[in-house]
Protein chains: 2
Amino acid sequence: MTPDASVPDTLRQRLRQAGLRVTAPRLAVLEWLAEHPHATADQVATGVRGQLGSVSTQAVYDVLGACARAELVRRIEPAGHPARFETRTGDNHHHLVCRRCGRTEDVDCAVGAAPCLEPSDGKGFAVDEAEVVFWGLCPDCLVASPTTAAHHHEEGRA
Amino acid sequence: MTPDASVPDTLRQRLRQAGLRVTAPRLAVLEWLAEHPHATADQVATGVRGQLGSVSTQAVYDVLGACARAELVRRIEPAGHPARFETRTGDNHHHLVCRRCGRTEDVDCAVGAAPCLEPSDGKGFAVDEAEVVFWGLCPDCLVASPTTAAHHHEEGRA
DNA sequence: ACGTAATCTGGAATGAGTCAAGAAAACGAT
DNA sequence: ATCGTTTTCTTGACTCATTCCAGATTACGT
């Protein structure tokens with residue numbers, strides 16, 4: 001099946017330029033993900049199924065995996081939460097993650113260009129990425145929080 | 001059973017001060033962990049069993065969980081690898097993690113005291129921690145690596 | 001239009017971690 | 001020292017996210 005022609009050509013081109021075949025699931029995943037950043041694999045699957053009718057879970061993981069390898073999508077795996085995906089790649093931006101609900105937001109690198117890119121002592125590692133995650137509670141969970149601001153670590157991570 | 005008297009009193013005191021009961025599994029976990037930083041729950045269980053004879057997996061998770069809540073141990077969960085634990089808490093230090101084998105090393109905060117502690121735009125989140133992970137290949141995996149330095153992202157993340 | 005290699009389907013399996021119910025042990029007061 | 005209460009440990013089943021497998025399908029280069 002030649003995939004839906006309504007999808008912007010740019011997506012097709014990006015896939016092709018990355019050496020990936022253009023398939024309906026891939027276009028749908030990329031398109032949906034662009035509109036819903038920081039979605040989980042499950043959310044992507046649901047969203048894509050709403051457009052294509054049915055797509056296997058495996059296909060979703062394959063697409064996400066292939067696109068992540070090709071750097072068309074970026075995978076974030078916040079501790080204690082399922083992985084999340086976004087189409088913003090290339091710029092070394094960081095994330096703000098809610099401990100409670102997992103809501104994730106982008107944060108531009110605080111200290112300019114590449115401040116956090118080199119550890120003080122690399123111990124012989126070939127470092128290729130500095131990942132920064134700001135942990136806290138999102139506005140919604142702050143309001144819904146049973147423990148008032150007085151306590152500091154009453155929560156316990158899920 | 002009154003726990004083994006050979007364990008340094010400081011461990012007992014730390015547990016008590018944290019409001020936790022002093023039990024053999026807890027002492028053993030803390031003691032073993034102090035000597036083997038960045039161990040996985042499974043490794044902790046194995047190590048502790050070597051000292052106490054037998055300890056349930058659940059007990060190990062409970063101990064680690066309780067101690068993490070009391071900030072006697074810190075839990076690190078590098079994406080794609082099982083959680084790791086360490087007894088160094090309080091100092092906001094960061095980590096160097098090997099993408100391939102998961103080997104984890106401590107890194108002092110590169111930029112001094114609290115440079116990475118505040119995101120440029122918090123979006124209303126109540127941020128309480130800035131986690132920094134430097135990803136790369138450890139010296140051993142660098143040597144064992146099939147792809148020479150020429151390629152850049154041929155690996156694919158587990 | 002064809003052949004082939006890459007991709008998708010469906011279902012089973014894995015691994016890390018958690019839940020639940022009851023037995024056991026530590027703490028605090030008597 | 002002993003008792004009762006409360007926390008902690010044991011055993012075993014279970015969840016969730018993700019991966020593995022074998023076979024059917026499909027996109028792409030010629």
Side-chain angles (χ1 to χ4, degrees), chain A residues 1-5 7 11-13 15-30 39-46 48-49 52-70 72 75-85 102 156-158, chain B residues 1-5 7 11-13 15-30 39-46 48-49 52-70 72 75-85 102 156-158:
Chain A
M1 181 226 287
T2 295
D4 182 351
V7 173
L11 280 187
R12 289 209 168 75
Q13 292 171 358
L15 279 168
R16 294 263 67 231
Q17 284 167 12
L20 295 176
R21 292 194 174 179
V22 177
T23 68
R26 287 183 175 168
L27 289 171
V29 165
L30 289 179
T40 62
D42 192 57
Q43 290 170 332
V44 171
T46 303
V48 165
R49 282 177 191 129
L52 297 184
S54 90
V55 184
S56 72
T57 301
Q58 185 58 48
V60 173
Y61 276 101
D62 279 355
V63 168
L64 290 172
C67 290
R69 231 170 293 125
L72 292 177
R75 166 191 284 158
I76 325 159
E77 295 179 57
H81 298 272
R84 287 160 188 275
F85 300 85
R157 33 187 67 226
Chain B
M1 179 229 284
T2 296
D4 182 351
V7 174
L11 279 186
R12 287 209 167 77
Q13 293 172 358
L15 279 167
R16 295 262 68 228
Q17 285 168 12
L20 295 176
R21 294 193 174 179
V22 178
T23 67
R26 286 183 175 169
L27 289 171
V29 164
L30 289 180
T40 62
D42 192 58
Q43 290 169 332
V44 172
T46 302
V48 166
R49 282 178 192 129
L52 297 184
S54 88
V55 184
S56 72
T57 302
Q58 185 59 44
V60 173
Y61 276 102
D62 279 355
V63 169
L64 290 172
C67 290
R69 232 171 291 124
L72 291 177
R75 167 191 284 158
I76 326 160
E77 296 180 56
H81 298 271
R84 287 159 189 274
F85 300 85
R157 31 185 68 224

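Proteins come first, then strands; the chains are lettered A, B, ... in the order of their sequence lines, and each starts at number 1. Because the structure is predicted, anything quoted here is derived from the model rather than measured.
Each of A:F85 and B:R26 lies near DNA chain D, and the nucleotide nearest B:R26 is the one positioned closer to the 5' end. Positionally, the nearest nucleotide of DNA chain C for A:V60 lies more toward the 5' end than for the other of A:V60 and B:D42.
Pairing each heavy atom of B:A41 with each of B:V60, the nearest pair is O-CG1, 3.8 Å. Shortest non-hydrogen contact noted between B:F85 and B:T40 is CD1-C, 4.4 Å. Here the closest heavy-atom approach between residue B:P78 and residue B:R84 is recorded as CG-CD, 4.3 Å. Closest of all the heavy-atom pairs between B:L20 and B:A66 is CD1-O, 4.1 Å.
Nucleic acid contact class of A:T40 (heavy atoms, under 4.0 Å, all strands): none. Using a 4.0 Å heavy-atom cutoff across all strands shown, B:T57 reaches no nucleic acid atom at all.
Across D:dT18, D:dT8, C:dT9, the shortest atom-to-atom separation from the side chain of A:S56 is found for C:dT9. The side chain of B:P82 sits closest to C:dG17 out of D:dT18, D:dT8, C:dG17. Looking at the side chain of A:Q58, the nearest of the listed nucleotides D:dC21, C:dC8, C:dG28 is D:dC21. In this structure, the nucleotide among D:dT19, C:dC8, C:dA16 sitting nearest to the side chain of B:Y61 is C:dA16. When each of D:dT8, C:dC27, D:dT18 is scored by its nearest atom to the side-chain atoms of A:A83, the top-ranked nucleotide is D:dT18. The nucleotide whose nearest atom lies closest to any side-chain atom of B:R16 is, among D:dT10, C:dT9, C:dG28, C:dG28.
Rounded to whole Å, the distance from NE2 on B:H81 to C1' on D:dA17 is 16 Å. Rounded to an integer number of Å, the gap from B:L64 CG to C:dG17 P is 10 Å. To the nearest angstrom, C1' of C:dT7 lies 14 Å from CG of A:L52. To the nearest angstrom, P of C:dT18 lies 8 Å from CD of B:E77. When rounded to the nearest whole Å, the span between CZ of A:R84 and P of D:dC16 equals 16 Å. In this structure, B:L30 places its CG atom 13 Å from P of D:dT8, rounding to the nearest Å. Atom-to-atom, CZ of A:R75 to P of D:dA17 comes out at 14 Å; the value is rounded to the nearest Å. Going from atom CG of A:D62 over to atom P of D:dT18 covers 13 Å, rounded to whole Å.
With hydrogens and angles ignored, a donor-acceptor pair closer than 3.5 Å exists between the side chain of B:R21 and the base of D:dT6.
A:R26 places a side-chain N or O within 3.5 Å of a backbone atom of A:R21 that can act as its donor or acceptor partner.
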